[in-house]
Every structure is written in structure tokens, then in C-alpha cells.
Amino acid sequence: MIEKLIGPHHTYLRDALPFLQRVAAKVARDHGDRDPSLVELATQLDIIAAALTAHMDEEESVLFPALLEGREREAVALLFDMRRDHEELQLLLHELRLIARDYRPPGWACNSYRTLMYELRALEADVFEHLRIETRILLPRFVP
Ligand SMILES: [Fe+2]
Ligand SMILES: [Fe+2]
């Protein structure tokens, strides 16, 4: 059940994050002079990528095995940590959206810039759904 619900979201992020970090770095390099918020955007995305990757590593190596093996007390503590991480990740993503001005590219934006905004919007939607499944579906199954 965990693998089916969460697996696709983790796989997507492990693929999308490094790609988007590269595009964000390129857009910051090419257009940071004209709009310094693009440099801030690339930095914030690096912070989010590190936080999400550490969070997924922890879920895959510690939390999910504890749930699957029925180590209940340990799992409950880990689930509360997970929920706290999720709140932090949501804040970081909210900041990203503010820096990116709601992911609306200006008229002069190049293709890389447009792709970045489009894909970041998709990433945000996917992460919110991913966190929602973990918090609203996974957690209640194990914590009555
Ligand atoms: Fe996850
Ligand atoms: Fe999570």
C-alpha cells in the first residue's frame, strides 16, 4: 500500500528536482542581472531539494520499514516527525511561489524560464498531493 501510494511521488521528485535545479541555475545565470529574484529562486529551490531529499530518504529507510514491520511505538513517533517536516516543506514551497511571483513568467522570458515556471507549478501540485496522502491517508491508518 505504501509503495503504491507514495512510490510514484518519490520517483517523480528524485527525477524532477535535479533537472529543475539545473534549469533554475541556468535561468539565474542568464537573466539574474535583469531580475535578481531569479538568483534567489535558484537558491530557494536548492534548499527545498535538499530538504525533500533528506525527508524522502528518512521515510524510505526508517519510517516505511517501521510501518511495514509493525514496530508501532517507533512508527508513531516517526509519523509525528513526518508531519512536522511536512509543515516546514509547505512553508518552503510557499516562499518559493512568492519568489517566483506565482510562477507567471514575464513577457520577455525565454523558453528555459517558461519551462521552469511551468514545471515548478507542477512540482508544487505534486508535492502537495504527496504530503496530503501521507498526512491524511497514511498517518490515520497507523495512528487511530
Ligand atoms: Fe514522502
Ligand atoms: Fe513525507
Side-chain angles (χ1 to χ4, degrees), residues 1-32 35-106 109-144:
M1 184 279 269
I2 294 177
E3 183 51 38
K4 202 170 139 231
L5 283 180
I6 315 296
H9 292 287
H10 282 209
T11 305
Y12 160 74
L13 280 176
R14 294 204 189 269
D15 203 50
L17 287 169
F19 167 70
L20 289 174
Q21 284 176 280
R22 280 197 300 277
V23 180
K26 176 186 156 45
V27 171
R29 229 175 16 246
D30 293 350
H31 305 294
D35 183 354
S37 76
L38 292 170
V39 178
E40 205 189 330
L41 181 72
T43 305
Q44 179 76 3
L45 183 59
D46 287 343
I47 292 168
I48 289 174
L52 271 169
T53 304
H55 178 73
M56 291 191 294
D57 288 347
E58 170 103 6
E59 286 180 341
E60 288 167 17
S61 65
V62 187
L63 172 64
F64 296 160
L67 292 175
L68 292 170
E69 290 159 23
R71 282 179 272 127
E72 246 176 57
R73 276 180 40 202
E74 189 186 343
V76 168
L78 291 165
L79 281 164
F80 284 106
D81 289 350
M82 177 190 87
R83 203 164 61 178
R84 197 199 49 224
D85 276 8
H86 286 182
E87 283 164 10
E88 284 172 22
L89 288 165
Q90 276 163 340
L91 280 177
L92 288 171
L93 281 166
H94 185 65
E95 285 168 14
L96 189 74
R97 181 181 265 278
L98 289 177
I99 296 166
R101 299 187 196 98
D102 281 329
Y103 305 122
R104 277 196 280 264
C110 64
N111 278 339
S112 299
Y113 192 162
R114 287 173 196 279
T115 302
L116 181 64
M117 293 298 116
Y118 183 83
E119 293 295 334
L120 283 178
R121 191 188 283 267
L123 180 124
E124 182 197 73
D126 192 273
V127 172
F128 282 165
E129 176 62 6
H130 168 187
L131 303 185
R132 190 190 67 80
I133 293 170
E134 288 176 347
T135 308
R136 298 276 162 80
I137 298 176
L138 195 62
L139 188 134
R141 284 211 184 183
F142 293 92
V143 183

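Because the structure is a prediction, the values reported are computed rather than measured.
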What are the two closest heavy atoms between L139 and T135, and how far apart are they? CB-O, 3.3 Å
List the steps, then state whether side-chain contact (heavy atoms from CB on, under 4.5 Å) holds for L67 with L138. CA-CA 10 Å; L67 292 175; L138 195 62; 4.2 Å; yes
Here the gap from Y12 atom OH to L17 atom CG, rounded to the nearest 0.5 Å, amounts to 7.5 Å
Under the side-chain contact (heavy atoms from CB on, under 4.5 Å) rule, what do F142 and V76 come out as? Steps first, then yes or no, please. CA-CA 7 Å; F142 293 92; V76 168; 5.9 Å; no
Pair H86, E134: side-chain N/O donor-acceptor within cut-off below 3.5 Å: yes
Using side-chain contact (heavy atoms from CB on, under 4.5 Å), reason through H55 and L89 one step at a time and then give a plain yes or no. CA-CA 9 Å; H55 178 73; L89 288 165; 4.0 Å; yes
List the residues meeting side-chain contact (heavy atoms from CB on, under 4.5 Å) with L5, not counting sequence neighbours, and say none if there are none. M1, I133, I137
Compare all side-chain heavy atoms of F64 with those of H10 and state whether any distance is below 4.5 angstrom. yes
Do Q90 and F128 have side-chain heavy atoms sitting under 4.5 Å apart? yes
At what distance, to the nearest 0.5 angstrom, does CD of E59 lie from CD1 of I2? 9.5 Å
Are more than 12 heavy atoms from other residues, nucleotides or ligands located less than 6.0 Å from atom CD of E124? yes
pair L41-L96: side-chain heavy atoms closer than 4.5 Å: yes
Above 12 or not: heavy atoms from other molecules or residues under 6.0 Å from CD of E72? no
Let me see the working for R121 and D126 under salt bridge (charged side-chain N to carboxylate O under 4.0 Å, His left out), right down to the final yes or no. CA-CA 9 Å; R121 191 188 283 267; D126 192 273; over 6 Å; no
Tell me whether the count of non-hydrogen atoms from other residues, nucleotides or ligands lying under 6.0 Å of CD in E3 goes above 12. no
Euclidean distance, R83 CZ relative to L78 CG, rounded to 0.5 Å: 13.5 Å
Taking the side chain as everything from C-beta on, heavy atoms only, tell me whether E95 gets closer than 4.5 Å to L92. yes
Test side-chain contact (heavy atoms from CB on, under 4.5 Å) applied to D85 and D81, step by step: CA-CA 6 Å; D85 276 8; D81 289 350; 5.5 Å; no
With D102 via salt bridge (charged side-chain N to carboxylate O under 4.0 Å, His left out) - residues at least two apart: R97, R104
Could you tell me if the side chain of S112 sits less than 4.5 Å from the side chain of H31, heavy atoms only? no
Working to the nearest 0.5 angstrom, can you tell me the gap between L116 CG and L45 CG? 7.5 Å
Give the C-alpha distance, both sets of side-chain angles, the deciding distance and a yes or no for salt bridge (charged side-chain N to carboxylate O under 4.0 Å, His left out) between E129 and R132. CA-CA 5 Å; E129 176 62 6; R132 190 190 67 80; 3.1 Å; yes
Mind checking the CD-CD spacing from E74 to E69? Nearest 0.5 Å is all I need. 8.5 Å
Side chains of L13 and L123: does their closest heavy-atom pair fall under 4.5 Å? yes
Flag the pair D35 / R101 as yes when at least one side-chain heavy-atom distance between them is below 4.5 Å, and no otherwise. yes
Donor-acceptor contacts under 3.5 Å from residues 18-29 side chains, at least two apart:
from: Q21; atom 1: NE2; to: D46; atom 2: OD1; distance (Å): 2.8
from: K26; atom 1: NZ; to: D30; atom 2: OD2; distance (Å): 2.8

Please report the interatomic distance CG(L98) to CD(Q44), rounded to the nearest 0.5 Å. 9.5 Å
Donor-acceptor check, side chain of R114 to backbone of A109, threshold 3.5 angstrom: yes or no? yes
Check whether more than 12 heavy atoms from other residues, nucleotides or ligands sit under 6.0 Å from atom OH of Y118, and answer yes or no. no
Close side-chain approach of H9 and M56, heavy atoms under 4.5 Å: no
Which pair of non-hydrogen atoms, one from Y103 and one from L120, has the smallest distance, and what is that distance? CE2-CB, 3.6 Å
